[in-house]
**Student:** 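Let me begin by handing over the structure; questions about it come next.
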Amino acid sequence: MPIHNAEIAAILHEVADLLEIEGENPFRVRAYREAARTVENHPRSLAEMVGKGESLTRLPGIGEDLAGKIREIVRTGTLRQTEELRERVPPGLRSLLGVPGLGPRRVRELHRRLGITSAAELERAAREGRVRRLPGFGEKTERNILEALSRGETPRRFRLASAEPAARALEEHLRGCAAVREVVVAGSFRRRKETVGDLDVVACSHDGRRVVEHFVAFGGVERVVSRGGTRSSVVLKDGLEVDLRVVPEESFGAALLYFTGAQPHHVALRDMALQKKLKLNEYGLFRGEERVAGRTEAEVYGALGLRYIEPELREYRGEIEAASEDALPELLTREDIRGDLHSHTTATDGRNSLEEMARAAEERGYEYLAITDHSRRLRVARGLDERRLREQMEQIDRLNEELEGITLLKGAEVDILEDGSLDLPDGVLRELDVVICSVHHKLRLPEREQTRRVLRALANPNVNILAHPTGRLIGRREPCELDVERVMEAAVERGCILELNANPERLDLNDAHCRLAKEMGVRIAVSTDAHGTNELANIRFGVGQARRGWLEREDVVNTRSLGELRRLLRREGA
DNA sequence: GCCGTTTTCGGCCCGACTGTTTTCAGTCG
């Protein structure tokens, strides 16, 4: 079984943590962290690249040494260096780095002076009052450690959609403060990352203290972690941490840039600034004492010789180079979307009728909506057999005569059976406007079998779209073992479309896959898989993910007019 | 450990807040 990028990255992260606890050169530690990040973000399988003898040193942050280590991991599944480190640094110490307030320095002291190697030992030492006697520690630190341990705090990530209500409520709350001129939730939320660890709020005001006081009075606040004159940090009742920064108007753009990140993106910008003998921080871009930019982000990018870079691109995946060459993509927007190609009704497991779904889509300004109820294999959803599907097709024909602003497309979401055959006969599939196929059971097949299964389904000439290709559920279910690159090759050959499922629990394909699809020339459908009228609005999450994957209007099929779309679905004029 | 129109050595982002401190280290983002 080839090793996954995520597993390689995990090993590199462990090396970084252990080296840090040992007190290694922090830049060396950072090099491992950056390499790990590069690996986990890389759309292609490194194991495969190693197998093909491709060079790894072209990846950012990976030199000869790390390339060799990655090759060792791919070949042996492990790294001798890690094994050696584990003998010197008890692996339990690693988990202590996750305790708020404990960094590598303090963890090392705890180990060296008190022999602590685990959270349980730390708790005991703190209870016995031994921690407070260490230099640099005190009563308060000891108490904070105990509190953090009793909360059992493991940094938890929130799905974008679960953080959104809090983000909107906070924005509104802060706008209610007279001293606030502008407020934006920045960070990974603004980059539309599929999960966020916390919210970073940037407010524009000349009275920081007043804004901070207003901020900590927000109704959802569980506890205040810190509050100063320009910055504060709180934890909300649902456990989400929120950091606020207040800056004056002339710094707002620079602060947004700083707090939107991603960190490597901003570090690279600082680097560019240094090369131009400028200094970039959250207050502006400076030449000596003089502020040359900072009011808006565009101003800062401009002063660095770059085009404005959309937040979703700021992941340090080539966007800075593209901006300097004026080669940035013109990203997909919500307004580009002309219809939804995946939806369900009460005929199976949806909550609204055909007509209700149609009207809701019409209200969104769509030209078309594909009705794609499940096939019979999905028993829990009361999936349709051929007879019931034909009944629905007739209903759609009748309804289309009444509807004026929108057209319903006749479709189905057909289960891919274990052998790769489809759950409805070709005869009826041929009569549909759009055929989606997807895997809903046997998600744990080995990669070879899963890939063969999906490839066989795509070989059916009636199939248009492969829905939620990897089957992952964010935070709940890992993606299935699937050779996504092979599937994409097949999709290109056969004119099939891959779905970017916009359900915020799925967002499948992920951003890296979208980027790969674009590079390989695979067409994408951004679809909500709505099981009710209220879910059609989930399209915004799909658009965000598409933008993170550098997708443009041309790459996405449901930006086409109905006529163009119909031609595409007949696989003509590809 | 990486990286390079300030190159193969010597840099590597930087400011706020907290707690333990009499001037600052550690942590965090």
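Naming: A, B, ... by sequence-line order, numbering from 1 per chain. Being a predicted model, the structure only gives us computed values, none of them experimental.
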**Student:** When the C1' atoms of B:dT23 and B:dC17 are compared, how many Å lie between them, rounded to an integer?
**Tutor:**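 Their C1' atoms lie roughly 16 Å apart.
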**Student:** Specify the separation, in whole Å, of atom CG of A:L278 and atom C1' of B:dC14.
**Tutor:**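 For the pair A:L278 CG and B:dC14 C1', the rounded distance is 16 Å.
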**Student:** Calculate the interatomic distance between A:E147 atom CD and B:dT18 atom P; express it in whole Å.
**Tutor:**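 My rounded result for the distance is 15 Å.
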**Student:** Where along residues 6-27 of chain A does a heavy atom come under 4.0 Å from DNA chain B, residue by residue in number order?
**Tutor:**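 Residues of residues 6-27 of chain A under 4.0 Å from DNA chain B: A:N25, A:F27.
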**Student:** Got a salt bridge between A:R94 and A:E20, using NZ or NE/NH1/NH2 to carboxylate O under 4.0 Å?
**Tutor:**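 Salt bridge absent between A:R94 and A:E20.
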**Student:** Return the set of residues passing salt bridge (charged side-chain N to carboxylate O under 4.0 Å, His left out) with A:K193 (not counting sequence neighbours), or none when no residue passes.
**Tutor:**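 Scan of A:K193 (salt bridge (charged side-chain N to carboxylate O under 4.0 Å, His left out), adjacent residues dropped) gives none.
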**Student:** Pick the closest DNA chain B nucleotide for A:G63 and for A:G101 by heavy atoms, then say which residue is nearer the 5' end.
**Tutor:**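 Taking each residue's closest nucleotide, the earlier one in sequence belongs to A:G63.
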**Student:** Within less than 4.0 Å of OP1 or OP2 of B:dT6, is there a side-chain N or O belonging to A:K276?
**Tutor:**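 Answer is no, no contact under 4.0 Å.
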**Student:** Determine the Euclidean distance between corresponding P atoms of B:dC24 and B:dC9; express it in Å to zero decimal places.
**Tutor:**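 That atom pair is separated by 36 Å.
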**Student:** The side chain of A:R105 is closest to which nucleotide in this list: B:dT27, B:dT18, B:dA16?
**Tutor:**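 Of the candidates, B:dT27 comes closest.
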**Student:** Can you run down the side chain to side chain donor-acceptor pair (under 3.5 Å) pairs that involve residues 504-517 of chain A, sequence neighbours left out, and say none if there aren't any?
**Tutor:**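 Non-adjacent pairs meeting side chain to side chain donor-acceptor pair (under 3.5 Å): A:R317-A:D511, A:T470-A:D508, A:R476-A:E505, A:N510-A:H513, A:D511-A:R548.
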**Student:** Residues two or more places apart in sequence or in another chain: which of them pass side chain to side chain contact (heavy atoms under 4.5 Å, CB included) with A:A537?
**Tutor:**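 A:A537 satisfies side chain to side chain contact (heavy atoms under 4.5 Å, CB included) with A:R364, A:R540 once adjacent residues are dropped.
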**Student:** Decide whether a cation-pi geometry holds between A:R106 and A:F137; the criteria are a distance under 6.0 Å from NZ or CZ to the six-membered ring centre and an angle within 45° of the ring axis.
**Tutor:**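 Output yes; distance and angle both within limits.
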**Student:** Only counting residues at least two apart or in another chain, list the ones meeting side chain to side chain contact (heavy atoms under 4.5 Å, CB included) with A:E142.
**Tutor:**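 Side chain to side chain contact (heavy atoms under 4.5 Å, CB included) list for A:E142, sorted by chain: A:A126, A:V131, A:R132.
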**Student:** Given B:dG15, B:dC2, B:dT6, which nucleotide is nearest the side-chain atoms of A:K277?
**Tutor:**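 Closest nucleotide to the A:K277 side chain: B:dT6.
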**Student:** Could you check which residues of residues 292-325 of chain A get a heavy atom under 4.0 Å from DNA chain B? Sort them by number, please.
**Tutor:**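 Within this stretch, nothing sits under 4.0 Å of the strand.
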**Student:** Give none if B:dC2 has no partner; otherwise give the nucleotide forming a Watson-Crick or G-U wobble pair with it, both distances under 3.5 Å.
**Tutor:**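 Matched B:dC2 with B:dG11 under the 3.5 Å cut-off.
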**Student:** What nucleic acid atoms does A:R28 come within less than 4.0 Å of, heavy atoms only: base, sugar-phosphate, or nothing?
**Tutor:**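 Base, at least one base atom sits under 4.0 Å.
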**Student:** Over how many whole Å does the gap from A:Q81 atom CD to B:dG1 atom C1' extend?
**Tutor:**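 Those two atoms, CD and C1', are 10 Å apart.
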**Student:** What is the distance from CD of A:E282 to P of B:dA16, rounded to the nearest Å?
**Tutor:**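 In whole Å, B:dA16 P and A:E282 CD are 6 Å from each other.
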**Student:** Please state how far atom CD in A:E64 lies from atom P in B:dC3, giving the value in whole angstrom units.
**Tutor:**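 Nearest whole value for this atom pair: 10 Å.
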**Student:** Decide whether A:Y32 and A:Q81 meet the rule of one side-chain donor and one side-chain acceptor closer than 3.5 Å.
**Tutor:**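 Present: a donor and an acceptor within the cut-off.
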**Student:** Would you indicate which nucleotide in B:dG29, B:dG1, B:dT18 comes nearest to any side-chain atom of A:D200?
**Tutor:**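 Selected nucleotide: B:dG29.
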**Student:** Roughly how far apart, to the nearest Å, are B:dG1 and B:dT8 at atom C1'?
**Tutor:**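 It comes out at 14 Å once rounded to the nearest Å.
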**Student:** Looking only at side-chain N and O atoms, does A:T141 offer a donor or acceptor that is under 3.5 Å from a partner on A:N144?
**Tutor:**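 No donor-acceptor contact under 3.5 Å links the two side chains.
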**Student:** With A:R210, which residues qualify under side-chain hydrogen bond (donor to acceptor under 3.5 Å, both in side chains), at least two apart?
**Tutor:**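 side-chain hydrogen bond (donor to acceptor under 3.5 Å, both in side chains) list for A:R210, sorted by chain: empty.
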**Student:** Check A:V216, A:V212, A:V235 against A:V224 for a side-chain contact (heavy atoms from CB on, under 4.5 Å) and give me the one that passes.
**Tutor:**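 Among the candidates, only A:V216 passes.
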**Student:** Short of 4.0 Å, heavy atom to strand atom, which residues of residues 245-275 of chain A count as contacting DNA chain B?
**Tutor:**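 Contacting residues: A:R245, A:Y258, A:Q263, A:V267, A:R270, A:L274, A:Q275.
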**Student:** Atom CZ of A:R209 to atom P of B:dA16: distance rounded to whole Å?
**Tutor:**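 It works out to 13 Å between those atoms.
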**Student:** Measuring only the C1' atom in each nucleotide, how far is B:dT21 from B:dG26? A whole number of Å is fine.
**Tutor:**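 It comes out at 12 Å once rounded to the nearest Å.
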**Student:** Is the shortest side-chain N/O distance from A:K279 to OP1 or OP2 of B:dG15 below 4.0 Å?
**Tutor:**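 Yes, such a contact exists.
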**Student:** Both A:L66 and A:Y283 contact DNA chain B. Which one's nearest nucleotide lies toward the 5' end?
**Tutor:**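 Taking each residue's closest nucleotide, the earlier one in sequence belongs to A:L66.
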**Student:** Going by the rule side-chain hydrogen bond (donor to acceptor under 3.5 Å, both in side chains), which residues pair with A:E48 if we only count those two or more places apart in sequence or in a different chain?
**Tutor:**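 side-chain hydrogen bond (donor to acceptor under 3.5 Å, both in side chains) check on A:E48 returns A:K52.
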**Student:** In whole Å, what separates the C1' atom of B:dT27 from that of B:dT20?
**Tutor:**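 Roughly 14 Å separates the two C1' atoms.
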**Student:** What residues from residues 106-141 of chain A pass a heavy-atom cutoff of under 4.0 Å to DNA chain B?
**Tutor:**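 Heavy-atom cutoff 4.0 Å gives A:R106, A:G136, A:F137, A:G138, A:E139, A:K140, A:T141.
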**Student:** Taking B:dC3 as the reference, what is the distance to B:dC13 when you measure between their P atoms (whole Å, please)?
**Tutor:**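 Result for the P pair: 14 Å, nearest Å.
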**Student:** Do you see a donor-acceptor pair shorter than 3.5 Å between the side chains of A:E83 and A:T78?
**Tutor:**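 Result is yes, a qualifying pair exists.
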**Student:** Step through the shown structure and confirm whether more than 12 heavy atoms of other residues, nucleotides or ligands are within 6.0 Å of CZ on A:R287.
**Tutor:**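 Open: at most 12 neighbouring heavy atoms sit under 6.0 Å from CZ of A:R287.
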**Student:** Name the closest nucleotide to the A:T230 side chain, picking from B:dC17, B:dT6, B:dG29.
**Tutor:**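 From the listed options, B:dC17 comes nearest.
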**Student:** Using only side-chain N and O atoms of A:N281, determine if any of them is under 4.0 Å from OP1 or OP2 of B:dG15.
**Tutor:**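 For B:dG15, OP1/OP2 do have a side-chain N/O of A:N281 under 4.0 Å.
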**Student:** Can you measure A:R33 atom CZ to B:dC2 atom C1' for me and round it to whole angstrom units?
**Tutor:**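 Taking CZ of A:R33 and C1' of B:dC2, I get 16 Å after rounding.
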**Student:** To the nearest angstrom, how far is A:L102 atom CG from B:dG19 atom C1'?
**Tutor:**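 After rounding, the reported distance stands at 13 Å.
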**Student:** Determine the Euclidean distance between corresponding C1' atoms of B:dC12 and B:dT18; express it in Å to zero decimal places.
**Tutor:**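 Each nucleotide's C1' atom is 27 Å from the other's.
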**Student:** Who passes salt bridge (charged side-chain N to carboxylate O under 4.0 Å, His left out) against A:E321, sequence neighbours left out?
**Tutor:**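 A:E321 satisfies salt bridge (charged side-chain N to carboxylate O under 4.0 Å, His left out) with no other residue.
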**Student:** In this structure, which one of A:R191, A:E315, A:E319 forms a side chain to side chain donor-acceptor pair (under 3.5 Å) with A:H265?
**Tutor:**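 Filter result, single survivor: A:E319.
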**Student:** Who pairs with A:A31 by side chain to side chain contact (heavy atoms under 4.5 Å, CB included), at least two apart in sequence or on another chain?
**Tutor:**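 Applying side chain to side chain contact (heavy atoms under 4.5 Å, CB included) to A:A31 gives none.
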